[in-house]
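The structure appears below as structure tokens.
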Amino acid sequence: MNKLYKGFRKKPFFCDVKLVNKRESHLKSQVVISQLFSKGKVITTPPFRLVYLSRKDLKTNGSQILISVPKKRFKLAVSRNAIKRKISEAFRLYSSDLKAFLNKTNTHLAIGFIYIGSRELRSEEAPKKMQEALEKLLKKLKENEIE
RNA sequence: AGGGCAAAUCGGCUUAUCGCGGGUCUUGUAAAAGGCAUGAGGAAAGUCCGGACAUCAUAGGGUAGCCUGCUUCCUAACGGGAAGGCGCUAAUUUAUUAGUGACAGCAAGUGCAGCAGAGAGUAUAUUUCCCAUUUCGGUGGGUAAAGGUGAAACGGUGAGGUAAGAGCUCACCAGCAAGAUUGGCAACAAUUUUGGCUAGGUAAACCUCAGGCGAUGAAAGAUCAAAUAAACUUCGGUUUGAGGGCGACCCGCCCAAUCGGAGAGGGUAGAUUGCUUGACCCCGUGAGUGAUUGCGGGGCUAGAUAAAUGAUAAGCUAUUACAGAAUCCGGCUUAUAGAUUUGCUACAUAA
RNA sequence: GGUCUCGUGGCCGAGUGGCUUAGGCAUCGGUCUGCAAAACCGAGUACAGCGGUUCGAAUCCGCUCGAGACCU
């Protein structure tokens, strides 16, 4: 946690965790992806479908995300890219609670965001939807923790 | 001042905060942190052509297949471009302008042309016209001017000629073929001589002629690391030439002691490189009608790998067109809101 | 990233440039029947789009759109 607080002195306007979204937080491993889709649990909130898989046996903690937009609904590469960017930006801004929880409980979480909306994601509604989805996810994770 | 057409250029900018990719510098044992500048197109698209580069193959020849098709030039090359020629269309100024053309050959050969029509290619006679004959209903022969059909019907005008006619003969005209001269690098144009009197359409039908083309694509390939099995079982063939290679086929040539089929089974899929200095861009200047190119000076301008360019706020008419690099170049085609510049053009308004 | 194929009524599907297109299933109307099925008779509905070649294009050529397959 100390690492993350390092930039806090210079930029005091933002909250307790620094908001980064680096390469390391992308989900790349084919093994993990196949496990995610075969064993993972699913939450559906209107524009997204979340697939997640939490593990405690790994040494690292934190989250790795994967974003998928179907080519069948969005023909243009430009619009697909725009949706992906909006999702990742929204996740970057509103995932601080989730990250704090994961650090506390020392879990590794793989999340897949699948966009199931039929229209393009508008930038003003993206943060609201993301917050809803993440709150739902956090609640589920806490329930599991108690069990 | 606005409208239309054509060509060219741009197709977002500024500030603040946060964030991402690779690069570089600083701090740090390291992990990492911070600073700096930089980071998506005119089409990045379609994959329709042409190259570079790489691997495989390569004594050589022929055939097949595919592509291109007026001429000369440009270019690394092209199915691209420039200039010119010819045809067609439109306009008028009637010989110019603008647009446009897969624009070699049907006078090498073969095929095709429904319906209609007498006849659709060495074709032919329905109605006419003329002659002969007649049982006066017709029959036989000659003829192709006129009517009619069709997308398309085998030159036109006049004279001679004839039973009636006909390029049957002649003159002129149109068009064709061959030759000559002149101009042009050439396509071709102009003039002229001779010929036979007419040659129809279709090659985006087969085809002929001329020219060109080896195949596969960066998921190509190279290096390193890790792992390992040129192994095992079984069947068949072989110095009396089997088998393999020359990745369409044939001739021919080469290799040569091993080759082929089946079974069971093992391993890898990570890193670096290829990767961005290039037929590059900008400026000046010379050559050329032009495409293009010579010389000099300056510049470095994405290089990711489940894949970076974003978000928020404010302002500029602005949430605002079409749209996202994946080895790299040259074209073509298609999509495209708006802005600017230049040229041409006609209309209306005002002075 | 690269390569290739296909597109004909509501569905399947034939079609060698020539009568706007064979056939089957489905739909609708009629005959039959007490009613229906089957059978029989009849009808409507199509060449993915645009442009070109040709007297004439579903067919030949070019571009565009859509769908699918393969390499990996």
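Note that the structure is predicted; figures quoted are calculated from it, not measured. Lettering of chains follows the sequences in order, A, B, ..., and the numbering in each one begins at 1.
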Across all strands shown, which nucleotide pairs with [N] by Watson-Crick or G-U wobble geometry, both distances under 3.5 Å?
{"N": "B:rA166", "answer": "none"}
{"N": "B:rG111", "answer": "B:rU202"}
{"N": "B:rC322", "answer": "B:rG41"}
{"N": "B:rG50", "answer": "B:rC329"}
{"N": "B:rG12", "answer": "B:rC316"}
{"N": "C:rA37", "answer": "none"}

Roughly, in whole Å, what's the span from [atom1] in [X] to [atom2] in [N]?
{"X": "A:E89", "N": "B:rG310", "atom1": "CD", "atom2": "P", "result": "11 Å"}
{"X": "A:I67", "N": "B:rA307", "atom1": "CD1", "atom2": "C1'", "result": "13 Å"}
{"X": "A:R92", "N": "B:rU17", "atom1": "CZ", "atom2": "C1'", "result": "11 Å"}
{"X": "A:K86", "N": "B:rG19", "atom1": "NZ", "atom2": "C1'", "result": "16 Å"}
{"X": "A:Q64", "N": "B:rA307", "atom1": "CD", "atom2": "P", "result": "11 Å"}
{"X": "A:E125", "N": "B:rU312", "atom1": "CD", "atom2": "P", "result": "12 Å"}
{"X": "A:L93", "N": "B:rG310", "atom1": "CG", "atom2": "P", "result": "16 Å"}
{"X": "A:M130", "N": "B:rA311", "atom1": "CE", "atom2": "P", "result": "15 Å"}

Which is it for [N], anti or syn, if anything within 90° of zero counts as syn?
{"N": "B:rG167", "result": "syn"}
{"N": "B:rU301", "result": "syn"}
{"N": "B:rG42", "result": "syn"}
{"N": "B:rU143", "result": "anti"}

| said: Taking salt bridge (charged side-chain N to carboxylate O under 4.0 Å, His left out) as the definition, give me every residue that meets it alongside A:E135, ordered by chain and number, with sequence neighbours left out. | reply: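 Counting only residues at least two positions away or on another chain, A:E135 forms no salt bridge (charged side-chain N to carboxylate O under 4.0 Å, His left out).
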By side chain to side chain contact (heavy atoms under 4.5 Å, CB included), which residues pair with [X], not counting sequence neighbours?
{"X": "A:E125", "answer": "A:L121, A:R122"}
{"X": "A:L76", "answer": "A:S79"}
{"X": "A:A133", "answer": "A:T45, A:F48, A:L50"}
{"X": "A:A82", "answer": "none"}

| message | Any heavy-atom pair between the side chains of A:M130 and A:I87 that's under 4.5 Å? | response | yes
| Taking C-beta and beyond as the side chain, do A:I114 and A:V51 meet within less than 4.5 Å on heavy atoms? |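 Side-chain contact under 4.5 Å: yes.
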Please list, pair by pair, any protein nitrogen or oxygen found under 3.5 Å from a nitrogen or oxygen in nucleotides 322-327 of chain B.
unit_1, atom_1, unit_2, atom_2, d
B:rG324, OP2, A:A77, N, 3.4
B:rG324, N7, A:N81, ND2, 3.4
B:rG324, O6, A:R85, NH1, 2.9

| request: For nucleotides B:rC328 and B:rA231, find the distance between their P atoms and express it as a whole number of Å. | output: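 Straight-line distance between the two P atoms is 43 Å.
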